[in-house]
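Naming convention: chains lettered A, B, ... in sequence-line order (proteins, then strands); numbering from 1 in each chain. Because the structure is a prediction, the values reported are computed rather than measured.
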Amino acid sequence: MTQQSPSPTAKPSSSWIPVALSAGFRPGSNIRVFADGNDIALWSSFSGKLSAWVNRCPHRGMRLSHGFVRGEMLACIYHGWHFAQDANCKYIPAHPELVPGEMICAQAHHAHEQDGLLWVSCAEEEPDAPARLPGFGVRSLLIDAPRPVLAGVLEVTHEAQGRWELTLADQPVILGVQDWPEGRTGVHLLTKEAVSAETKKMLSRELEAMRRTCEAIAPVSASASASVPSGPSSRSGDAA
Amino acid sequence: MSFAKIEFYGTFDTRHFCDWIGHRAHKLGLTGRIEAASSERITLYVQGQEELLNAMEVACSLGPIDADVSHTNLVFIDPADASDWPNRFQIDVGPEVLADRR
Amino acid sequence: MINEIALNDWYPVAMASELKPGCRLNRVLMEREIQISNDGDKTHAFEGSRVLPLQIRYDHVWTSLGAPARPLFEIPEGEQDGRRLVACGRVHVRCSPLRAVENFLDIAHFPYVHTGILGAEDHPEVERYDVEIDDEKDEVWARQVKFFQPQAAKSAEGGIMADYMYRVPAPTTSILYKTCPARVGEWDIITLFVQPVSETTCDVWPWMALYDDETPFNDLVQFQQTIFMQDRSILENQIPALLPLDPKMETPTRADLTSIAYRRWLKRRRMFYGAQTIAA
């Protein structure tokens, strides 16, 4: 297994990274993901076209993963700049008459959907599709432990292109593995065959148990967790 | 389509600022040319949608970190008054600008 | 790095109303721990055993880590008779103190960030306005700013074209002059006093001087806090964290003129605390 420790200066790798499950990622969804240390807005248009963009609006640097999908376009939440599938800006609300040129654009990575997973590649040229390994999505989890800790805890029987094959609670499963910053790991659990809701629930609990085990081994340092943006803090309410 | 003459006054590294202006013109999809440049004043002629010409003036009024732009001036002009519009943005300001580089 | 310019300015660190006799407040100003205390008679500011300059104005306590190069700015309108003075408390934001000020100067985000309150998506257009760097006063001004607001203030009902002026009298202070719904011809004043905690975190102290005798105090504070909570989700998600003084990676337009003038002014007076000075 190649160890990738993501950093802002990470070099683009040539491979596809599994970043989310297809199941539940409905048209109109927009989420923040990481691939090769790159901060990415992953979104799906109303017609279901998938895009992965550098998570930065070219206007004033707002994260595009906070934006909203409108039809076939993604709009930045800050000033409502609209970007089409080709990443070009099509509409600047402050100047409704303006038709922005092709150079005013978001920066696109490659996005791909296959085998129950959504994939991103930050390579210049779009890589060949991952090898076929059909799966049925169960659940994604973000774990406060780096990839090697997971590899040590789980008995992986086979691995290829960001997917681990293993047995979880007697079920043959696939785990899409995605490095997050600050020593975290995103995992995307799929079964190899369609299973009952009851089995999914059981696997989901197994995955949570696995997370607890991993996090007990590698607690994320206080400084790392402190730098993750939080919701409104208790310091905000001390009005006169 | 509109045409404008834009002037920037202040203190700058001329070559660096000219390159920066060229990069911005490209980004905004403007055509035209830098007609005159010194370490205290740069004059350009640009063609594009009116709001993009405004955007050009706004971005360049801040410019690169080593430029101190004191003020700017944008005048919309009759295209006939600026002959030989190039079909891209040109920075052909001659050797005196390079000599100006500090 | 804290340069002289940043060190020698005045910053808000508390509300005057917090200064109960015997109190001792611990604050962080530009990464340094300071204390504000009230001995029942006077208020003092310290960094360790070092006494810091201190003054109480506009309902807030102001101090400096250096030797202030100029007196605290004047807000004459804020001291007029008949105005309600409203100190709104503190909002902690994980952003550059300069980004907090820049966002406050921006109207184009109203339709998307303050939807239905300060802006509406069907009225997003920004009309031309005037921006000036006043070299004599060493301030930034934006005038003739007009924007459609579905609910311009707590005391406003229905949509109006609101008039604004913006004034930046210090790098970490912004004053908004806004159409006063209750008194034609007067301006309500809403200010943002920003305490730089570090280059990428700040405490924001909104303060208002309004002609409004009707609205309950808590409603006024709540309104302002609601607005600022919406802004915070933006401010904590801008890249880079520091405010770029070279906008090579950005695409400002005419609507961003105040923001660009503010950055130009910061660059000229070499106020780099919270600013990014390489192209990004």
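Within the 4.5 angstrom heavy-atom criterion, no atom of B:Leu52 approaches chain C.
Among B:Arg24, B:His71, B:Glu57, the residue making the largest number of heavy-atom pairs under 4.5 Å with chain C is B:Arg24.
B:Lys27 NZ to C:Lys248 NZ: the interatomic distance, rounded to the nearest 0.5 Å, is 9.0 Å.
Considering only residues two or more places apart in sequence or on other chains, C:Trp62 meets the ring pair (Phe, Tyr, Trp, His ring centres under 6.0 Å) condition with C:Phe73, C:Phe193.
Of all residues in residues 251-266 of chain C, those placing a non-hydrogen atom less than 4.5 angstrom from a non-hydrogen atom of chain B are C:Thr251, C:Pro252, C:Thr253, C:Arg254, C:Leu257, C:Ile260, C:Arg263, C:Arg264.
Counted within 6.0 Å of CZ on C:Arg270, heavy atoms from surrounding residues, nucleotides or ligands total 12 or fewer; the atom is thus considered open.
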### Task
List the steps and the verdict of side chain to side chain contact (heavy atoms under 4.5 Å, CB included) for B:Asp68 and C:Lys267.
CA-CA 8 Å; B:Asp68 176 11; C:Lys267 186 165 83 173; 5.7 Å; no
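Looking at every heavy atom in both residues, C:Arg128 comes nearest to B:Asn54 through NH2-ND2, 3.2 Å.
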